[in-house]
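It should be emphasised that the depicted structure is a prediction, and the values quoted were computed from it without experimental measurement.
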Amino acid sequence: MAKIPSTLIDQIRAQSDIVEVIGQYVTLKKAGRNYKGLCPFHTEKTPSFTVSPDKEMFYCFGCNTGGNVFSFLMQHEKIGFTDAAKILAERAGITIPSEVWQDKRPRDDMEALHEANAFAARFYHHQLVETATGLKAREYLGKTRGFNEHTWEIFQLGYAPESWDILLKNAQKAGFSIPILEKAGLIKKSEKGTYYDAFRGRIMFPIMHSNGRVIGFGGRILTGEGPKYINTPETPVYSKRQSLYGLAQSKSAIAGSKQVILVEGYADVISLYQAGVTNVAAPLGTAFTAEQARILRRLADQCVLLFDSDVAGENATQRGIDILLAAGLEVRVARILDGKDPDEFVRKYHKKGIDTLLTNAKNVLDYMVEHADTRSAEAKARSIEQILHTLAQIPDEIRISLYLSQLSSHFDIAKEKLMSAIRAKDKTIRRQLLASHRRTSQPRAASIPPAELKLLALMLTNAELFDQTFEHLYLDDFSSPQVKRVIELVYKYQDWSAPEIDLHTILNEEANPHLNSFLSKLILQQQQIVDPEKTYIDCIQQIKIRRINRDLAELRQQMSHCTDEHQLAQLNADYKALNLKKQEIRQTIIS
Ligand SMILES: [Zn+2]
């Protein structure tokens, strides 16, 4: 990867308002001097994700993710530093000299995969729109599905011709290597060891990240034998669990209406969008996931489930309800009574029909009560059990209580009984959530003495103070390896003619997630120190005393093993002297 000059990096950072950049992905509200929002890196219902415009850093007190504007993009978009810098530069209108990009060293894989996917999307689109081989595909999309050419453009629809290697040959001509094309899932290796196109004779639906970059494809067979759909496998840039089809196109409509309509497939998304219902997205593959719910929660308050009216659709609806409620979204269920899926329905009844469906969408409880099996007492009990399990996911107690009143009168069961049943459930659900969070979160770092943490936070406020600290302390007076490491890094990267400690260079150069979160946490805690001057002196003294205590303990250890009388006397004298020093320090604290 080419190295971008540090002055340019500074310029990019200076012109990238961290609140604005993160604000594109997370709804931020002002809280004192900082901004707060729901963390994009873990599931939460109350915001612990904090952005400091003064310090140009972010930190989540829930999952310990943190860093600066570059690290945010890198972690959120799963890209490397150069790509993050590129995106920010583009956003800020800064031109990066071309020699920085046209470097002969190998580019990072992520970027190459993105470029290969973008190339393939353009290639397939060209095949669809402008070639004779694309005629059948054009007819299928236009006449059979009723998608107009404007829609082909918006969703970058394409056609993979009936050929074994047309993409492979063209991509190689354009400079893409076989390993990259294979890694991107665009080509496959045969048993003979030769390579062939993964998608052949298929209508191509590019799957995009919400930022608009193509990360994978869904391919629908046009004619003949074979599975109806094949999709890109998991790749370093594509994770089925974390992507939603249509989000790149519908993101702003969803954020604007605070509502998202969730449908099952590619065709449903495109049909609704073309009809003018643009706040629509679909999970990819079979199951809707908690990660996808989290992505939607960042944009919307309400989700309307509009799944197919078959058994699979019903099951997907029930699973979707639980996941969406747990993510903190309000859920409604719209049901198609005429026609099989939303795609069919919208072709018949247009936007007006969809609008009516949405207006008549049922709240979660009505939907579940309607579907409850009440043919026997046992079935009824099981249904109520299932309903309570779902309601227990709702974070808002008042809403739960309202639903329980409704449930109580519908099934003629005392509300108190339902309430205590749900409380018991609530506890186990919460415990499960906590347990799963603990499993996924990073191992806890060895605890750092509070005095060292506070002092380091204060030292990082300005360069003079940082340096001055070592008139009172030695590096070895600190016991925490993490604290010592930060001090060493400051000495490695700091330009001492500048008044501020430059943490951003450390973050950018080291690009270590643990270090990122540690530094950003320090910086945000720094703001909470009430009396910095007094705290600074107190911390130095506490660290000195702790250091002496460590030395005293070691002396005691040596003394207990010492057999030489002469040496023992010396150790004793040292011990007394140290104790005296400790008392002196204690007294200065009091005075
Ligand atoms: Zn978090």
Side-chain angles (χ1 to χ4, degrees), residues 120-163 166-167 197-208 214 216-232 244-250 261-278 280-286 306-310 312-313 316 334-357:
R122 277 197 305 275
F123 178 80
Y124 293 140
H125 187 67
H126 173 81
Q127 296 299 315
L128 172 74
V129 179
E130 293 178 49
T131 66
T133 38
L135 179 66
K136 254 201 246 157
R138 285 198 290 278
E139 279 176 359
Y140 170 78
L141 282 174
K143 287 187 192 136
T144 316
R145 306 305 306 227
F147 298 154
N148 61 41
E149 288 184 29
H150 180 59
T151 300
W152 303 357
E153 290 301 321
I154 291 176
F155 288 92
Q156 283 190 49
L157 301 183
Y159 175 60
E162 201 61 79
S163 150
I166 185 167
L167 177 82
D197 290 358
F199 299 95
R200 299 176 314 279
R202 287 177 182 268
I203 299 287
M204 299 300 286
F205 300 89
I207 299 161
M208 295 173 208
V214 178
F217 294 89
R220 188 196 189 280
I221 200 155
L222 186 55
T223 50
E225 301 273 294
K228 193 170 167 195
Y229 279 99
I230 56 172
N231 298 299
T232 299
L244 285 141
Y245 184 70
L247 203 59
Q249 289 82 2
S250 62
I261 297 154
L262 202 64
V263 292
E264 274 183 52
Y266 304 115
D268 299 327
V269 169
I270 298 174
S271 295
L272 259 69
Y273 195 96
Q274 181 172 285
V277 185
T278 52
V280 59
L284 289 149
T286 46
L306 181 59
F307 285 174
D308 298 357
S309 53
D310 52 12
R335 312 245 329 180
I336 297 162
L337 299 170
D338 187 1
K340 197 185 133 290
D341 54 34
D343 172 37
E344 236 172 78
F345 182 88
V346 78
R347 262 182 284 148
K348 208 161 159 189
Y349 298 104
H350 313 289
K351 182 172 190 293
K352 225 172 148 191
I354 293 285
D355 287 342
T356 314
L357 269 190

Beyond-backbone contact of [X] with [Y], side-chain heavy atoms, under 4.5 angstrom:
X: V277; Y: I261; value: yes
X: I203; Y: L157; value: no
X: R138; Y: L135; value: yes
X: H126; Y: T131; value: yes
X: I336; Y: D341; value: no

Just verifying a value: how many Å separate [X] [atom1] and [Y] [atom2], rounded to the nearest 0.5 Å?
X: I221; Y: R200; atom1: CD1; atom2: CZ; value: 9.5 Å
X: T356; Y: K351; atom1: OG1; atom2: NZ; value: 10.0 Å
X: Q127; Y: T133; atom1: CD; atom2: OG1; value: 5.0 Å
X: F345; Y: L357; atom1: CZ; atom2: CG; value: 4.0 Å
X: K136; Y: L128; atom1: NZ; atom2: CG; value: 14.0 Å
X: T232; Y: I207; atom1: OG1; atom2: CD1; value: 5.5 Å

Given 3.5 Å as the limit, does a donor-acceptor pair link the side chain of [X] with the main chain of [Y], or not?
X: R202; Y: K228; result: yes
X: D308; Y: D310; result: no
X: Q274; Y: G146; result: yes
X: S250; Y: G246; result: yes
X: D343; Y: S271; result: no
X: D197; Y: I166; result: yes

Next on the checklist: I'd like to know whether CD of E139 has more than 12 heavy-atom contacts from other residues, nucleotides or ligands below 6.0 angstrom.
Outcome noted: yes
Item to check | Stepwise side-chain contact (heavy atoms from CB on, under 4.5 Å) test for I270 and Y245 | outcome: CA-CA 10 Å; I270 298 174; Y245 184 70; 3.6 Å; yes
Closest approach of [X] to [Y] (non-hydrogen atoms, all atoms of both residues):
X: F147; Y: A267; answer: CZ-O, 4.0 Å
X: P206; Y: V214; answer: CB-CG1, 4.1 Å
X: P342; Y: D268; answer: CD-OD1, 3.6 Å
X: A282; Y: V269; answer: CB-CG2, 3.5 Å
X: G313; Y: E264; answer: CA-OE2, 3.5 Å

Next on the checklist: Show, in sequence, the C-alpha distance, side-chain angles and deciding distance for L306 and V280, and conclude whether the side-chain contact (heavy atoms from CB on, under 4.5 Å) test is met.
Outcome noted: CA-CA 10 Å; L306 181 59; V280 59; over 6 Å; no
Next on the checklist: As a quick check of understanding, evaluate side-chain contact (heavy atoms from CB on, under 4.5 Å) for F199 and L167, giving each step before the final call.
Outcome noted: CA-CA 9 Å; F199 299 95; L167 177 82; over 6 Å; no
Checklist entry - What's the verdict on side-chain contact (heavy atoms from CB on, under 4.5 Å) for M204 and Q156, showing C-alpha distance, side-chain angles and the deciding distance? => result CA-CA 9 Å; M204 299 300 286; Q156 283 190 49; over 6 Å; no
Checklist entry - What do the steps show when you test Y159 against Y140 for ring-ring contact (aromatic ring centres under 6.0 Å, His included), and what is the final call? => result CA-CA 11 Å; Y159 175 60; Y140 170 78; over 10 Å; no
Item to check | Working for ring-ring contact (aromatic ring centres under 6.0 Å, His included), residues Y266 and F155 | outcome: CA-CA 10 Å; Y266 304 115; F155 288 92; over 10 Å; no
